[in-house]
Amino acid sequence: MPMAESMSRSRMEGEDRRDPLAEVRGRFVIPRGLRYFDGNSLGPLTHGARERLLRVVDVEWGQDLIAGWNDHSWIELPRRVGAKIARLVGAQDDEVVSCDSTSVNLYKLLAAAVDLRPGRRTVVCQADHFPTDIYLARGLVELLGEPHRLVLADPDDLDDAVDDDTAVVCLGHVDFRNGRLLDMGELTRRIQDRGALTLWDLSHSAGALDVRLGEHGVDMAVGCGYKFLNGGPGAPAFAYVRRDLQDRVRTPLPGWLGHRDPFAFDVEYVPADGVGRLVCGTPPILAMATLDAALDAFDGVDLGDLRRKSVALGDHFLSLVEARCGGLGLELACPRDGAERGSQVCLRHREGYGVMQALIHRRVVGDFRPPDVMRFGLCPLYTRFVDVWDAVESLRDILATGAWRDERFRRRGVVT
Ligand SMILES: *Cc1c(COP(=O)(O)O)cnc(C)c1O
């Protein structure tokens with residue numbers, strides 16, 4: 001194929017015309033001229049979430065006050081939102097609950113998993129896991145005291161790391177740094193064959209690909225509400241527990257709203273049925289109602305289409321980088337094969353921080369992870385193929401002209 005035809009903006013426009021998810025972009029508030037590749041850190045606002053938040057503030061809270069708990073079913077939101085998320089992660093409606101942050105849910109489920117495997121004292125955690133996962137696992141084993149211990153292991157070496165002392169193995173479905181997608185079915189089976197429980201962190205996969213917790217018999221999972229689920233900054237997270245484990249799960253944070261009958265105000269704690277017991281205190285209704293509405297952006301979206309588009313966006317991104325940015329100091333930092341990649345592409349550059357700042361200055365927003373990785377999240381709900389083209393063209397220009405050398409692109413904010 002001649003270059004002009006195989007690599008051109010008009011070819012990307014053709015991809016957009018054939019995209020079965022093209023319409024879904026209209027559900028989002030995307031600022032004009034912005035190419036947004038950071039939905040894996042903070043998903044954008046949807047029109048529906050905005051309207052819902054305003055209504056909850058003005059009417060449900062503003063006018064109806066305390067009656068909102070019953071009249072607007074606020075009290076049911078953790079389970080209702082959980083049921084919406086369940087479809088996106090291949091679980092049953094009653095296997096997911098929305099509450100707390102990913103970090104807090106992780107702690108609750110790690111502790112519950114250790115409790116479910118009496119006599120086993122080891123927690124295994126992916127060595128290059130998102131740090132909060134490692135901190136929490138370490139915090140738990142330190143609290144439990146010896147002989148409990150934490151073992152950090154590479155996902156490729158689990159056969160060595162997991163033995164008959166392992167209570168639970170905590171893995172990230174998609175690696176936040178390099179976008180690597182782990183084989184959930186295969187790893188879950190190998191871990192369970194050794195009698196341990198699996199706890200998957202879906203922060204970088206829920207809402208971006210066709211997660212299949214039920215099909216793979218996963219025991220437990222947690223995930224994030226503000227990344228690919230677009231619930232807004234600090235949105236509530238979620239927790240999943242396989243149905244047949246639920247009634248044996250003991251949370252280390254048995255708060256009153258996880259009680260079977262909170263308004264009996266009984267001093268004896270009796271856990272609620274199922275995953276509802278993982279709720280600890282009062283749900284943040286403004287945030288949870290916003291997440292609830294944001295999830296409607298997935299209405300009618302086929303998860304197979306979602307995954308296919310995500311892979312295609314990444315494949316095009318990387319092909320364009322190879323074709324247009326050769327010799328400009330970039331190195332691939334994610335799997336080239338779409339089947340092994342989550343919904344982000346990562347490139348390494350010696351001055352990655354400055355290059356990303358220069359891109360952001362041109363309204364192409366990705367992010368940077370030390371020491372030298374530029375990340376581009378590819379959310380299939382609103383990212384267009386032409387956005388990918390425009391991003392790579394900006395990147396090429398910045399590298400070719402050395403625009404990143406500008407002093408203002410060296411300053412670092414508190415949040416990167
Ligand atoms: C984003 C992310 C979290 C975030 O946890 P919070 O409690 O919401 O701050 C946790 N784990 C992973 C793997 C993540 O990517």
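All values below come from the heavy atoms of this structure, side chains included, with hydrogens, waters and symmetry mates left out. The chain is numbered in sequence order, starting from 1. Atoms within a ligand are numbered from 1 in the order they appear, just like the ligands themselves.
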Check whether Phe368 forms a cation-pi arrangement with Arg375 (NZ or CZ under 6.0 Å from the six-membered ring centre, at most 45° off the ring normal). no
Ordered by chain then number, the protein residues lying under 4.0 Å from ligand 1 by heavy atom are Ser101, Thr102, Ser103, Phe130, Thr132, Asp133, Asp201, Ser203, His204, Tyr226, Lys227
Sequence neighbours excluded, the answer for ring-ring contact (aromatic ring centres under 6.0 Å, His included) partners of Tyr269 is His259
Sorted by chain and number, sequence neighbours left out, salt bridge (charged side-chain N to carboxylate O under 4.0 Å, His left out) with Glu186 holds for Arg189, Arg190
**Prompt:** Using 30° and 60° as the class limits, which term best fits the ring planes of His173 and Trp200: parallel, tilted or perpendicular?
**Reply:** perpendicular
message = Are Phe28 and His47 an aromatic pair, judged by ring center distance below 6.0 Å?
response = no
With sequence neighbours left out, the residues meeting salt bridge (charged side-chain N to carboxylate O under 4.0 Å, His left out) with Arg9 are Glu13, Asp390
